[in-house]
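Worksheet: the structure to be examined is printed underneath.
The figures that follow rest on heavy atoms only: side chains count, while hydrogens, waters and symmetry mates do not. Below, chains carry the letters A, B, ... as their sequence lines are ordered, and counting in each starts from 1.
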Number of protein chains: 4
Amino acid sequence: MAKYDNLREQILDQARHLLVEKGYINVTMRKVAHLVGCTPTSIYLYFENKDALIHSLIEEGMDILHQKIKECLAAESDSAAQFKRMCHSFLEFGFTNPEYYVVMFQLPTDEMVPYPAEKYRRARSNLQQFADVLHQARGEKQPTIDPLVDATMVWSLLHGATSLYLAQRIDARIPKELFLTRTVDYAASMLNPIHQSS
Amino acid sequence: MAKYDNLREQILDQARHLLVEKGYINVTMRKVAHLVGCTPTSIYLYFENKDALIHSLIEEGMDILHQKIKECLAAESDSAAQFKRMCHSFLEFGFTNPEYYVVMFQLPTDEMVPYPAEKYRRARSNLQQFADVLHQARGEKQPTIDPLVDATMVWSLLHGATSLYLAQRIDARIPKELFLTRTVDYAASMLNPIHQSS
Amino acid sequence: MAKYDNLREQILDQARHLLVEKGYINVTMRKVAHLVGCTPTSIYLYFENKDALIHSLIEEGMDILHQKIKECLAAESDSAAQFKRMCHSFLEFGFTNPEYYVVMFQLPTDEMVPYPAEKYRRARSNLQQFADVLHQARGEKQPTIDPLVDATMVWSLLHGATSLYLAQRIDARIPKELFLTRTVDYAASMLNPIHQSS
Amino acid sequence: MAKYDNLREQILDQARHLLVEKGYINVTMRKVAHLVGCTPTSIYLYFENKDALIHSLIEEGMDILHQKIKECLAAESDSAAQFKRMCHSFLEFGFTNPEYYVVMFQLPTDEMVPYPAEKYRRARSNLQQFADVLHQARGEKQPTIDPLVDATMVWSLLHGATSLYLAQRIDARIPKELFLTRTVDYAASMLNPIHQSS
DNA sequence: AATGAATGAGGCTTCATTCAT
DNA sequence: AATGAATGAAGCCTCATTCAT
């Protein structure tokens, strides 16, 4: 029992590790097994096939992020505060859990990892819920501006920031914490009106 | 000579095509050769190996983007206008050239496609130059705020927007053009001061 | 004990079932165990290995056929009648027990399922005994013609008819019963002299 | 060119050899390659996949048998003579070409080797044509008896005889030639009326 | 009496690459 | 300038089997 969970988790760990360190195409049953120190066959004792393994990875991440976001809602009563906290949480989640972030948001899922549509909806809802809070906070002040577009742009910002950070394309002179808080500020500026394009 | 360039370009074309349509894992020498109508062996007459082929793809893209950005500088005299135009150009480049964008910014190049450091520097400079203009426009008005951070955030926004768009994760109800201009507006808001984090 | 036999028989049942429904390649310890509802390991409590399992199947079939043929001898006193009844029984055995027939006569046993020579002799004797009756019936009337050859030909006919029937290569317009009785008639024609080859 | 055909034929040869000697389940790309003395990969230069290899084997056999039967028709003018000659040819084909016979008539094609329906029809037509001649010869003398049933029984006999012979289940004391001619005689007895079942 | 955990061998297939021509 | 022939490594996966419990 202990051993069961142990090996299963080792497999997940090493798969995650490979994914982040070497990219998806380097996540092979053989390589994972090698890192774990078991036979490729053994992996099939815990996962039906490679897809199932990847899906487990994705779901793990979804759960964690979901939990984090729920905590943000509970921690604050003000919509704007909730929003900012959520932005921060999202970034922090990505920054500190590259293994999950990559698998959740950067996998070219279309062709590579056929993922049950139902589960995808859940994945999106995670971000949708995220967007909803912006709605609320924005809605109170700016009912005229389409909040869907703005939410999408906030999402773009957060996703882009995380992606570049994880790809180590952020200038080394910028401290992580600074980048993080300033990005949240930039996102929070969405709570206020934007100047129309000239 | 004409034939030489012809085949070489056909190879690049089909490789790009495969990359976008079927994903990186489906870019194989065999499949490229099949699409071109030549032998896999023939590809090696023009590219040392698969990595070299991918790198050529990347460089092609870098050149095109570089050209586009240079044109923005020439087209406007005002820094702010240059900046907005560049943002727009960058987005449009990504939106209309997914083949290049994917290979340039979304390939987990680290280990997947070992890329000579020297070439990477050139790649970065492309975006650096992009950031420089923000420097100028911002610098004139807000010399006190570290422009490097803000430039990075703009880049994050543009990269995130493009990535989500290409991954078809933008809500279908949002027209492409609207998304594009609004993102530019959001980026342009960087030209003005941001409210400090509370 | 009851449980012992129960599981053992379930294993044989499902192995037979798999053999007929899905073909020999689909008779795997895993699949048998799955159908039975036990572990692959458990099968090894009752059968030394896969070969032993297959052999048990073969022997089961041999016993049943043996019994059937013995009954034919008891049911009739006339040699010719015995012979016809045996032909009929053999065909019916094959038609109604494809699971056994396939494993008994259509498995390329030579190398696929190494079968102890001693057991093979017993298998042959089953058919030999079958041939003996022809001997008797024929012998009485045509002592000059080698009966071994004719017996072999009858066997060929019966085996061919059964094989084609089980492979569903008999024209669908021919009713099973008609095919069966006519084949027996054809076999019975062996009881009479055959015209020499011209 | 010479080498091309050479390797392709070596592959077919060894595949056929394995098939007869060790049974279908032992025909693996690895084993064939090993016997030929090449890499498994090389097989894929000549055959799209394993199925294609097996199909080639089947078609080879079909062609040869088809040719043989056509010759029988040409060699004789009398229907009865044609029929007997065809029986003999069929048996001889099977006896001397076990590689082809096994693959053509003894492969559990349903599950193991998905074979294009169209090609199967061709395979059957080979035997159908065979049956037609019996029709003719029979038709002249016995128009009242359903010739389809009798043809099927002849086919059963020939198929059974060949199968048992190839499985080496024919008593060693019976010379091949005797068995062959006597089987033809037995088949030829179909040209005459059969006594009804009592 | 039964199983959970594990494995080595091998199944089919595709890859990037080379070498002689 | 191009290719035909070939390969070793590796991809995913399933097999029969064992061993400790």
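- When rounded to the nearest whole Å, the span between CG of B:L53 and P of E:dC15 equals 15 Å.
- Considering only side-chain N and O atoms, D:Y46 lies nowhere under 4.0 angstrom from the phosphate OP1 or OP2 of F:dA5.
- Whole-Å rounding puts the C:K31 NZ to F:dA16 P distance at 9 Å.
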For this session: Start with the C-alpha distance between A:Q106 and A:Y101, add both sets of side-chain angles, then the distance that settles side-chain hydrogen bond (donor to acceptor under 3.5 Å, both in side chains), and finish with yes or no.
Result: CA-CA 7 Å; A:Q106 293 187 330; A:Y101 194 85; 5.9 Å; no
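- Rounded to an integer number of Å, the gap from CD1 of C:I11 to P of F:dA16 is 14 Å.
- For D:T41 and F:dA6, the shortest distance from a side-chain N or O to OP1 or OP2 is not below 4.0 Å.
- Atom NE2 of C:H34 and atom C1' of F:dA16 are 18 Å apart (whole Å).
- Between the side chain of A:N49 and the backbone N or O of A:A52 there is at least one donor-acceptor pair closer than 3.5 Å.
- For the pair C:L45 CG and F:dA16 P, the computed distance is 17 Å after rounding to whole Å.
- Residue D:R30 has no polar side-chain atom (N or O) positioned under 4.0 Å from OP1 or OP2 of E:dG10.
- The distance between atom CD1 of C:I54 and atom C1' of F:dC15, rounded to the nearest whole Å, is 14 Å.
- Nucleotides of DNA chain F nearest to B:C38 and A:M29 differ in position, and the one nearer the 5' end is that of B:C38.
- Using modelled atom types, one side-chain atom of D:T28 and one backbone atom of D:K31 make a donor-acceptor pair closer than 3.5 Å.
- A cation-pi geometry, defined here as NZ or CZ lying under 6.0 Å from the six-membered ring centre and within 45° of its normal, holds between B:K50 and B:Y24.
- Distances shorter than 4.0 Å separate none of the side-chain N or O atoms of A:T39 from OP1 or OP2 on E:dA6.
- Counting any heavy atom pair closer than 4.0 Å across all strands shown, B:V27 reaches sugar-phosphate atoms only and no base atom.
- Considering D:D51, D:I11, D:L12 as possible partners of D:S56, the one that fulfils the side-chain contact (heavy atoms from CB on, under 4.5 Å) test is D:L12.
- Of the candidates E:dA16, F:dC15, F:dT3, E:dA16 carries the atom nearest the B:K50 side chain, counting heavy atoms from C-beta on.
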Exercise. Given the rule in the side-chain contact (heavy atoms from CB on, under 4.5 Å) test, do C:M29 and C:L53 qualify, once you have shown the distances and angles that lead to the verdict?
Worked result: CA-CA 9 Å; C:M29 302 305 252; C:L53 172 55; 4.3 Å; yes
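- What separates CD1 of D:I25 from C1' of F:dT14 is a distance of 14 Å, to the nearest Å.
- In this model, the phosphate group of F:dT3 is not approached by any side-chain N or O of B:Y44 to a distance below 4.0 Å at OP1 or OP2.
- Between E:dA6 and A:S42, no contact under 4.0 Å exists linking OP1 or OP2 to a side-chain N or O.
- In this structure, the CD atom of D:E48 is 9 Å from the P atom of E:dT13, given to the nearest Å.
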Exercise. How would DNA chain F look in dot-bracket form, 5' to 3', counting Watson-Crick and G-U wobble pairs with both distances under 3.5 Å and writing | for bases paired to another strand?
Worked result: .||||||||||||||||||||
For this session: Output, in order, the C-alpha distance, side-chain angles, deciding distance and verdict of side-chain contact (heavy atoms from CB on, under 4.5 Å) for A:H55 and A:F47.
Result: CA-CA 10 Å; A:H55 292 166; A:F47 303 92; over 6 Å; no
